[in-house]
Amino acid sequence: LPLLFLTAGYIQACRGLMISAVCLGFFGAVFGLVGMKCTKVGGSDQTKAKIACLAGLIFILSGLCSMTSCSLYANRITSEFFDPSFVAQKYELGAALFIGWAGASLCIIGGSIFCFSIAENSNSPRRGYAYNGATSVMSARTKVHNSVPDKTPPKHFDKNAYV
């Protein structure tokens with residue numbers, strides 16, 4: 001009977017790590033949404049960058065919890081599978097473990113991208129476009145009917161002149 005409690009302990013640890021990974025992932029997503037540049041919530045760009053970096057750290061922590069849980073469970077399955085004295089039912093590594101490892105890797109990679117987004121904000125300021133106002137243009141029809149030759153050079157317009 002005490003052996004049963006020892007073998008069930010790693011399952012409880014894996015459950016706890018997975019639940020904490022899900023909770024951390026939820027809070028990382030909330031902070032990630034607040035820290036994005038396209039949202040109006042969160043304050044200035046520097047504050048949003050700090051919130052996005054915090055979201056990245058939370059995502060990395062979530063990925064590490066999930067990776068630890070999957071690896072702990074896989075280690076136990078592998079050690080029981082290759083143990084010749086283990087007489088109970090033996091299990092193999094299944095698709096759920098590989099999906100867990102892939103998801104944990106994506107969380108860690110995404111969290112790293114969030115953390116590096118703060119470096120992009122501090123190095124290069126955001127570039128805005130200046131609107132110069134509308135300018136009148138003489139149409140080709142008016143030019144043909146105009147007898148006075150126009151000495152002004154043609155004007156070149158950028159994309160903001162048509163807005």
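Positions are given from 1, in the same order as the sequence printed here.
If you take CG on L93 and CD1 on I77, they are separated by 6.0 Å, rounding to the nearest 0.5 Å. Of the inter-residue distances, the one linking L33 atom CG with C38 atom SG reads 8.5 Å to the nearest 0.5 angstrom. Here I60 contributes atom CD1 and C115 contributes atom SG; the two are 4.0 Å apart, rounded to the nearest 0.5 Å. Annotation: the span from C53 atom SG to F116 atom CZ amounts to 9.5 Å, rounded to 0.5 Å. Between the CD1 atom in I113 and the CG atom in L106 there is a gap of 9.5 Å [rounded to 0.5 Å].
Summarising the geometry of I51 relative to F31, their closest heavy-atom pair is CG2-O, 3.3 Å, with the distance given to 0.1 Å. The two atoms that bring S62 and G25 nearest to each other are OG-N, 3.6 Å, heavy atoms only. The heavy-atom pair separating C70 from G100 by the smallest distance is SG-CA, 3.7 Å. Closest approach of Y10 to L72, counting heavy atoms only: O-CD2, 4.2 Å. In this structure, A29 and F59 approach most closely via the heavy-atom pair N-CZ, 3.4 Å. Closest approach of M67 to A104, counting heavy atoms only: N-CB, 3.7 Å.
Between the S66 side chain and the G63 main chain, no donor and acceptor come within less than 3.5 Å of each other. Of the possible polar contacts, one joining the S79 side chain to the R76 backbone as a donor-acceptor pair under 3.5 Å is found. Side-chain atoms of K48 come within 3.5 Å of backbone atoms of M36 as a donor-acceptor pair (strictly under, hydrogens ignored). A donor-acceptor pair is defined here as one N or O able to donate and one able to accept, closer than 3.5 Å; no such pair exists between the side chain of S69 and the backbone of C65.
Linking ILVMFWY residues whenever their side-chain heavy atoms come closer than 4.5 Å, directly or via other members, places I108 and W101 in the same cluster. The hydrophobic cluster containing I19 does not contain I58, counting ILVMFWY residues as joined when their side-chain heavy atoms lie under 4.5 angstrom apart, directly or transitively. Cluster membership check: L54 shares its hydrophobic cluster with L61, using side-chain heavy-atom separations under 4.5 Å among Ile, Leu, Val, Met, Phe, Trp and Tyr.
Residue E92 qualifies as open at atom CD: its count of foreign heavy atoms under 6.0 Å is 12 or below. Summarising the local packing, CZ of F98 is surrounded by more than 12 heavy atoms from other residues, nucleotides or ligands at distances under 6.0 Å.
Judged purely by distance below 3.5 Å, without hydrogens or angles, the side chains of T47 and S44 pair a donor atom with an acceptor atom.
Within the 4.5 Å cutoff, the side chain of T39 has no heavy atoms near those of the V34 side chain. Side-chain contact check for L97 versus Y73: some heavy-atom pair is nearer than 4.5 Å.
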